[in-house]
Amino acid sequence: MTSRGKILILDDEPNILVSLSRALELEDYTVITAKNLAEARVALEKSGPDLALFDVKLPDGDGLELMEALKKAGDLLPIIVMSGHGSIDDAVRAIQLGAVDYLEKPIGQDRLLLTIANTLELSRLKTENEALREEAREALGESEILGRSKAIGELKEQIDRVAKSEGRVLITGENGTGKELIAHAIHAASLRSAKPFVSLNCAAVPAELIESELFGHEKGAFTGAVGRKIGKFERAHQGTLFLDEVGDMPANMQAKLLRVLQTGELERVGGNDTIKVDVRVLAATNKDLEEEIREGRFREDLYYRLNVVPLVSPALRDRKEDIPLLAESFLVEAARRNHCRAPKLGPRALALLAAHDYPGNVRELRNLMERIVILAPPNAEVLDEGDIRHLVPHRGGGGGGAKAGAYRADAKLSDLVLEAERAIVLEALEAHDNVVADTARALGVERSNFHKKLKALGLR
Ligand SMILES: Nc1ncnc2c1ncn2[C@@H]1O[C@H](COP(=O)(O)OP(=O)(O)OP(=O)(O)O)[C@@H](O)[C@H]1O
Ligand SMILES: [Mg+2]
């Protein structure tokens, strides 16, 4: 049986404790009772209730004072105050000190149940709201997936198809290829899009904290657990949980994660209650998980649970025809961020950008555009190769730079040939006023092949 919530009743009259307990238990609440402040303190510490009912006059002190102390310590526990010596003053004081409501004895059962249900719903909404805010913060500055290459077209198609399903997706690809962007896109296009998208970067959280990040903890579960913490799984309820860098998850956590994926159930650290969650899990990694499995660093059973649908995020060097579009869009974005006008990229500047092989992928290109906006000659309407040559990595920084395609120790033959080819094509285009048909004829290349060549070289 699942409980609707844990309620602490603090009252010194045994009759009241018994009758309220019975009424609440009939409604599927879990009840803890305390007949004085000392017992209440122990119960608060030990069992972390979701809500409390406080009487005012108690043998060892004043319920309102305990409430005040809790509120001052930053405790978010919702407290309903009940009193038999109903005076307006008491009621006003209770609300001022932070009670969510004030009920006069004898307590009407219907009124009590309604107040409790409303209060618990309100705290649930507060938690959900916090998760949504976090999601909004995370989404800020995040953009749509750009690119017209075949690889990106296929990727977007796969995202659409998989998004509507409930299937778990494992996204693999190099650094900076947009794995996180893909996870966001899947959630946004899914039936869960109105619910939270919560993410955890498994590589960024110390191993000993991952469990409490994912599953939450109860107050006092370990040194430093000063309050109850709701974990990412619970916050992602009915939504999506994105496990980034899942290949970096420590072995003991892999076992615990596997269990949640199999049963849909978890326990908070230091808690006894089993909590059911409905969460779709997306995961990403830049590691080769099959290699990790062979090396004994990643559980094979977990791999199959996560990898229901594999998605591969393509490296930028394998879709160079996307570079002009991405570069221009990042340039506009960077210019806006830096309060200046975005320059255009001339054909030779674009060719230079396309010649680099971007080990850092789209992120590297994005950062490069930021650098260009800040450091390229101001007031230039169109940037030429020479304006940005010193800003692009491995390109004869500082000085005039080598001739495109000439031998350099740091470049492969295939790249040098590509560079030389690009330079030749550009020169030919210039010589024919950028008329493609004439240029193709002059170079003795069939026209449709020449169009393909232009695309492959990142020239439109
Ligand atoms: N196709 C794309 N269109 C637009 N922006 C993109 C695209 N791919 C990546 N980006 C941008 O590049 C940056 C890196 O993307 P993201 O963080 O999703 O990469 P990642 O694969 O998760 O990288 P890492 O493995 O380093 O975590 C982000 O700013 C993202 O918005
Ligand atoms: Mg990432």
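Remember, it's a predicted structure, so these values are computed and weren't measured experimentally.
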(request) Answer yes or no: is there a donor N or O on one side and an acceptor on the other, between the side chain of Asp387 and the main chain of Asp384, under 3.5 Å? (result) yes
(message) Using only atom types and a distance under 3.5 Å, with no angle test, would you say the side chain of Thr439 pairs donor to acceptor with the backbone of Val435?
(response) yes
(message) Tell me whether Gln254 contacts the main-chain N or O of Arg299 through its side chain, where contact means a donor paired with an acceptor under 3.5 Å.
(response) yes
(request) Drop me the distance from Glu68's CD to Ile79's CD1, to the nearest 0.5 angstrom. (result) 11.0 Å
(message) side-chain contact (heavy atoms from CB on, under 4.5 Å), that's the test. Do Val281 and Leu257 meet it? Break it down for me.
(response) CA-CA 11 Å; Val281 172; Leu257 175 62; 5.7 Å; no
(request) Take Asn175 and Glu364 through the test side-chain hydrogen bond (donor to acceptor under 3.5 Å, both in side chains) and record every step on the way to the result. (result) CA-CA 9 Å; Asn175 282 324; Glu364 181 180 350; over 6 Å; no
(request) Check the pair Arg317 / Glu174 against salt bridge (Lys or Arg N to Asp or Glu O under 4.0 Å), numbers first and verdict last. (result) CA-CA 11 Å; Arg317 84 183 72 82; Glu174 293 178 17; 3.0 Å; yes
(request) For residues Leu243 and Cys202, report the shortest heavy-atom separation together with the two atoms involved. (result) CB-SG, 4.4 Å
(request) Take atom CG of Asn379 as the centre, draw a 6.0 Å sphere, and report whether it contains more than 12 heavy atoms from other residues, nucleotides or ligands. (result) no
(message) Using a 3.5 Å distance criterion without hydrogens, assess whether the side chain of Arg168 forms a donor-acceptor pair with backbone atoms of Arg305.
(response) yes
(request) Determine whether Val246 and Leu302 make a side-chain contact, defined as any pair of heavy atoms from C-beta on separated by less than 4.5 Å. (result) no
(request) Assess whether atom CZ of Arg341 is packed by more than 12 heavy atoms of other residues, nucleotides or ligands within 6.0 Å. (result) no
(request) Using a strict 4.0 Å threshold on nitrogen-to-oxygen distance, state whether Arg337 and Glu333 make a salt bridge. (result) yes
(message) Ignoring hydrogens, what is the shortest heavy-atom contact between Arg422 and Leu457? Give both atom names and the distance.
(response) NE-O, 2.9 Å
(message) Arg268 and side chain to side chain donor-acceptor pair (under 3.5 Å): which single residue from His217, Glu211, Glu234 fits?
(response) Glu234
(request) Answer yes if the side chains of Asp322 and Ser149 hold a donor-acceptor pair under 3.5 Å, and no otherwise. (result) yes
(message) Rounded to the nearest 0.5 Å, what separates atom CG in Leu391 from atom CE in Met369?
(response) 9.5 Å
(message) Return the OH to CG distance between Tyr303 and Leu170, rounded to the nearest 0.5 Å.
(response) 6.5 Å
(request) Over 60° means perpendicular and under 30° means parallel, so classify the ring planes of His187 and Phe197, tilted if in between. (result) tilted
(request) Answer yes or no: is there a donor N or O on one side and an acceptor on the other, between the side chain of Lys164 and the main chain of Leu191, under 3.5 Å? (result) no
(request) Taking the side chain as every heavy atom from C-beta outward, state whether Leu326 and Leu316 have any pair of such atoms under 4.5 Å apart. (result) yes
(message) Assess the residue pair Thr177 and Asn361 against the criterion (side-chain hydrogen bond (donor to acceptor under 3.5 Å, both in side chains)); give the C-alpha distance rounded to whole Å, side-chain angles, the decisive distance to 0.1 Å, and a yes or no.
(response) CA-CA 6 Å; Thr177 49; Asn361 291 292; 5.4 Å; no
(message) Would you say that Leu306 contacts Phe298 through its side chain, given a criterion of any heavy-atom pair below 4.5 Å between the two side chains?
(response) yes
(message) For Lys344, I'd like to know if atom NZ has over 12 heavy atoms of other residues, nucleotides or ligands within 6.0 Å.
(response) no
(message) I'd like to know if the side chain of Arg348 and the backbone of Glu385 have a donor-acceptor N/O pair within less than 3.5 Å.
(response) no
(request) Check whether any side-chain heavy atom of Tyr29 sits under 4.5 Å from a side-chain heavy atom of Asp50, and report yes or no. (result) no
(message) Do Asp273 and Thr30 make a side-chain contact, defined as non-hydrogen atoms from C-beta onward lying under 4.5 Å apart?
(response) no
(message) Ignoring hydrogens, what is the shortest heavy-atom contact between Leu331 and Pro343? Give both atom names and the distance.
(response) CD2-O, 3.1 Å
(message) Measuring only between side-chain heavy atoms, which start at C-beta, is Leu181 closer than 4.5 Å to His184?
(response) no
(message) Does Lys71 have more than 12 heavy atoms from other residues, nucleotides or ligands lying within 6.0 Å of its NZ?
(response) yes
(request) Please round to the nearest 0.5 Å and tell me the distance separating atom CG of Leu375 and atom CD1 of Ile388. (result) 12.0 Å
(request) Kindly compute the distance separating CG (Leu368) from OH (Tyr358), expressed to the nearest 0.5 Å. (result) 5.5 Å
(message) Do Met249 and Leu214 make a side-chain contact, defined as non-hydrogen atoms from C-beta onward lying under 4.5 Å apart?
(response) yes
(message) Would you compute the distance between atom NZ of Lys320 and atom CG of Leu353 and round it to the nearest 0.5 angstrom?
(response) 10.5 Å
(request) Would you check if Thr172 and Leu289 make a side-chain contact, meaning some heavy-atom pair closer than 4.5 Å? (result) no
(request) Answer yes or no: are there more than 12 heavy-atom neighbours, outside Leu76 itself, under 6.0 Å from its atom CG? (result) no
(request) Please say whether more than 12 non-hydrogen atoms of neighbouring residues, nucleotides or ligands are located less than 6.0 Å from CZ in Arg259. (result) yes
(request) Would you name the heavy atoms of Ala236 and Val279 that are closest together and state the gap between them? (result) O-CG2, 3.6 Å
(request) Compare every heavy atom of Ala342 with every heavy atom of Val332, then report the nearest pair and how far apart it is. (result) CA-CB, 3.9 Å
(request) Evaluate the criterion salt bridge (Lys or Arg N to Asp or Glu O under 4.0 Å) for residue pair Glu370 and Arg366; output intermediate values, then yes/no. (result) CA-CA 7 Å; Glu370 180 108 25; Arg366 191 176 182 193; over 6 Å; no
(request) Carefully, step by step, assess Asn286 and Lys179 under the rule side-chain contact (heavy atoms from CB on, under 4.5 Å). (result) CA-CA 9 Å; Asn286 51 27; Lys179 295 186 293 295; 4.1 Å; yes
(request) Search all heavy atoms of Leu200 against all heavy atoms of Lys232 and return the closest pair with its distance. (result) CD1-CE, 4.1 Å
(message) Taking Thr240's backbone N and O only, do any of them form a donor-acceptor pair with Arg280's side chain (distance below 3.5 Å, no angle check)?
(response) no
(message) For Ala334, is there any backbone N or O sitting under 3.5 Å from a side-chain donor or acceptor partner on Asn338?
(response) yes
(message) side-chain contact (heavy atoms from CB on, under 4.5 Å) for Asp278 and His237? Distances and angles first, verdict last.
(response) CA-CA 5 Å; Asp278 162 23; His237 186 53; 3.7 Å; yes
(message) Closer than 3.5 angstrom, by distance alone: can the side chain of Lys6 be matched with the main-chain N or O of Ser47 as a donor-acceptor pair?
(response) yes
(request) Mind running side-chain contact (heavy atoms from CB on, under 4.5 Å) on Leu155 and Ile152 for me, showing each step along the way? (result) CA-CA 5 Å; Leu155 180 69; Ile152 289 292; 4.3 Å; yes
(message) Check this for me: Glu121, atom CD, are more than 12 non-hydrogen atoms of other residues, nucleotides or ligands nearer than 6.0 Å?
(response) yes
